[in-house]
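Data first, discussion second: the structure below is written as structure tokens.
The first residue of the sequence shown is numbered 1, and numbering continues consecutively from there.
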Amino acid sequence: MTVAVELYFPHDEIDTKNPNFDLAADYLELTAFFSEEARSFTKDLINATEIGAEDDYETVDEEMTDREEIVSGAVRRIDGRRGALGGSYPFALDENGDVLTYVGEEPSYGQAAYILSLILSHLKAVSPILHGSAVYPTDAEIIELRKYFQYFATAALAAEVNGRAWSFGHPRPDKTNFHTKLAEIWGVFRDGVLQAAVGVPDRPQDDQIDVFAARLHPDGLPGFLLAAGQVATGNNWREKSLRHHLEKVFPSRWFGQQPVTMMMCYHIIPFARPDDEFFDDCRVLGNVLHRLRVPHRVTEAQGLHDQGVAIEAFDQLAVAVEWIKAYAARGAAAA
């Protein structure tokens, strides 16, 4: 196998009767990303399963069929990612489905959003693949990575509504406090009157909202496209639904006269999700931007930014790109 660093292969989730094909695809992507040759081989999955295999197959044919299904399932997921993301997907699969190559040596913002999401998906609280390896991010780096992801999420939500966006989550890039930032944003919206209700938190950080994005009308009147999103990168992301809070709590806390414009609820995560489970994700959380959506929207946000649309912290995406380039080189150096 062409592996620059020692990655953990999660047998209990991949080498099973119901393999996690997304996890298998991630393993191949991370292997290629850290490889000195910037590639991995899909047969690496078969080799990895054999190394830690337990003899619970009745026949060799049954064993090989299951192992080949892991490879074909991972290849299907990679094909799906490539189809969903186009040029924002930083890997290429050869026509035979044998070799996966990392093509993001000079990553675009969309490709950087994908790699950042991939790394965040494999922090130790979520997945064991990176943990214990020579390239596992430091605690300080993890804080920065989560901050970067919020900035990518801000750009993604801007593109989602085809409008401007603010990075509202604490700590804010402009270092403002909650009330100052809320007043700035609603000074643009001009819909509702800010007035804190009795008994609200004295020092709110962001009151669960990390991003606001809006597509305003030239007439300056309410009834425009307005999205509020929570950015969730931890293992408990699915327990943090914003829907009730956004509808019942946030407006009544901070507005004496509540906005008449309805806020759409978004959940923005770095994880790849199985197609069937994704339906229930949306049922619980509202609209969800995940790893197969965020990079594409970030690419679109580049066009908005070039047109002069204000997207807060967009300048920080270049900083994230430089970190990712250095991180890939760290993997090759560990070979």
Side-chain angles (χ1 to χ4, degrees), residues 1-3 7-35 37-53 57 60-104 107 110-111 113-122 126-130 237-238 269-282 288-297 299:
M1 295 193 296
T2 307
V3 184
L7 301 179
Y8 177 80
F9 185 80
H11 287 273
D12 56 339
E13 294 188 70
I14 295 177
D15 189 16
T16 69
K17 298 296 184 183
N18 295 297
N20 183 332
F21 295 131
D22 274 308
L23 199 61
D26 286 4
Y27 181 84
L28 289 173
E29 290 174 352
L30 287 166
T31 299
F33 179 73
F34 289 121
S35 165
E37 294 84 13
R39 66 185 181 185
S40 63
F41 300 93
T42 54
K43 68 174 174 26
D44 288 354
L45 291 174
I46 294 178
N47 296 338
T49 55
E50 287 176 348
I51 290 171
Y57 291 96
V60 172
D61 285 346
E62 181 188 352
E63 181 176 358
M64 287 309 300
T65 299
D66 276 11
R67 302 250 160 92
E68 288 167 2
E69 176 59 24
I70 292 170
V71 171
S72 60
V75 167
R76 285 196 303 273
R77 294 308 284 174
I78 289 168
D79 269 333
R81 295 172 182 188
R82 181 177 54 180
L85 293 173
S88 300
Y89 185 58
F91 298 93
L93 190 67
D94 74 316
E95 61 181 19
N96 295 322
D98 294 330
V99 183
L100 185 71
T101 304
Y102 175 58
V103 294
Q111 291 173 334
Y114 188 90
I115 293 297
L116 181 62
S117 298
L118 180 63
I119 300 303
L120 287 171
S121 297
H122 294 284
V126 183
S127 157
I129 290 180
L130 283 179
W237 63 270
R238 208 172 186 273
I269 59 174
F271 311 110
R273 298 292 296 145
D275 293 353
D276 53 350
E277 293 181 20
F278 189 67
F279 283 85
D280 203 54
D281 292 343
C282 295
V288 180
L289 299 182
H290 61 346
R291 201 199 307 162
L292 272 66
R293 292 182 170 182
V294 170
H296 181 67
R297 286 289 185 252
T299 297

Item checked: Side chain Arg293, main chain Val288, donor-acceptor under 3.5 Å -> yes
Check: Would one find more than 12 heavy atoms of other residues, nucleotides or ligands at under 6.0 Å from atom CZ of Phe279?
Finding: no
Next item on the list: Ignoring hydrogens and angles, tell me if any N or O in the side chain of Ser117 forms a donor-acceptor pair with the backbone of Ala113 under 3.5 Å.
Entry: yes
Check: Under 3.5 Å, side chain of Glu29 to main-chain N/O of Leu118, donor-acceptor pair present?
Finding: no
Note to self: Could you work out, with side-chain hydrogen bond (donor to acceptor under 3.5 Å, both in side chains) as the rule, every residue matching Asn20, not counting sequence neighbours?
What the structure shows: none
Margin query: Using 0.5 Å steps for rounding, measure from the CG atom of Leu85 to the CZ atom of Arg297.
Written below: 11.0 Å
Next item on the list: Determine, stepwise, if the pair Arg67 / Thr49 fulfils side chain to side chain donor-acceptor pair (under 3.5 Å).
Entry: CA-CA 7 Å; Arg67 302 250 160 92; Thr49 55; 3.1 Å; yes
Check: Measuring from Glu13:CD to Asn18:CG, what's the distance to the nearest 0.5 Å?
Finding: 12.0 Å
Margin query: Less than 4.5 Å apart, side chain to side chain, heavy atoms only: is that true for Pro128 and Pro10?
Written below: yes
Notebook entry, point to check: Between the side chain of Tyr89 and the main-chain N/O of Phe91, is any donor-acceptor distance below 3.5 Å?
Noted result: no
Next item on the list: With rounding to the nearest 0.5 Å, note down the distance linking NE2 in His290 to OG in Ser121.
Entry: 11.0 Å
Item checked: Pairwise distance CD1(Ile269) to CG(Leu289) - rounded to 0.5 angstrom -> 9.0 Å
Notebook entry, point to check: Taking Asp44 for the side chain and Phe41 for the main chain, is one N or O donor matched with an acceptor at less than 3.5 Å?
Noted result: yes
Note to self: Please enumerate all residues that pass side-chain hydrogen bond (donor to acceptor under 3.5 Å, both in side chains) together with Thr42, with sequence neighbours excluded.
What the structure shows: none
Checklist line | Thr299 side chain vs Ser88 backbone, donor-acceptor pair below 3.5 Å | finding: no
Next item on the list: Say whether Tyr114 and Arg291, considering side chains only, have a donor N or O and an acceptor N or O under 3.5 Å apart.
Entry: yes
Checklist line | Worked verdict on Val126 versus Phe271 for side chain to side chain contact (heavy atoms under 4.5 Å, CB included) | finding: CA-CA 10 Å; Val126 183; Phe271 311 110; 3.9 Å; yes
Notebook entry, point to check: Between Arg39 and Tyr102, is NZ or CZ placed under 6.0 angstrom from the six-membered ring centre and within 45° of the ring axis?
Noted result: no
Notebook entry, point to check: How long is the gap from CD1 on Ile70 to CD1 on Ile46, to the nearest 0.5 Å?
Noted result: 8.5 Å
Margin query: Restricting to non-hydrogen atoms, name the atom on Ala74 and the atom on Ala24 that form the minimum distance, rounded to 0.1 Å.
Written below: CB-CB, 3.9 Å
Notebook entry, point to check: CZ of Arg273 to CZ of Arg238: how many Å apart, nearest 0.5 Å?
Noted result: 6.5 Å
Note to self: Holding to ring-ring contact (aromatic ring centres under 6.0 Å, His included), I want the full list of residues that pass it with His296, two or more places apart in sequence or in another chain.
What the structure shows: none
Next item on the list: Carefully, step by step, assess Arg81 and Leu93 under the rule side chain to side chain contact (heavy atoms under 4.5 Å, CB included).
Entry: CA-CA 11 Å; Arg81 295 172 182 188; Leu93 190 67; over 6 Å; no
Note to self: Using a 3.5 Å distance criterion without hydrogens, assess whether the side chain of Ser35 forms a donor-acceptor pair with backbone atoms of Ser40.
What the structure shows: no
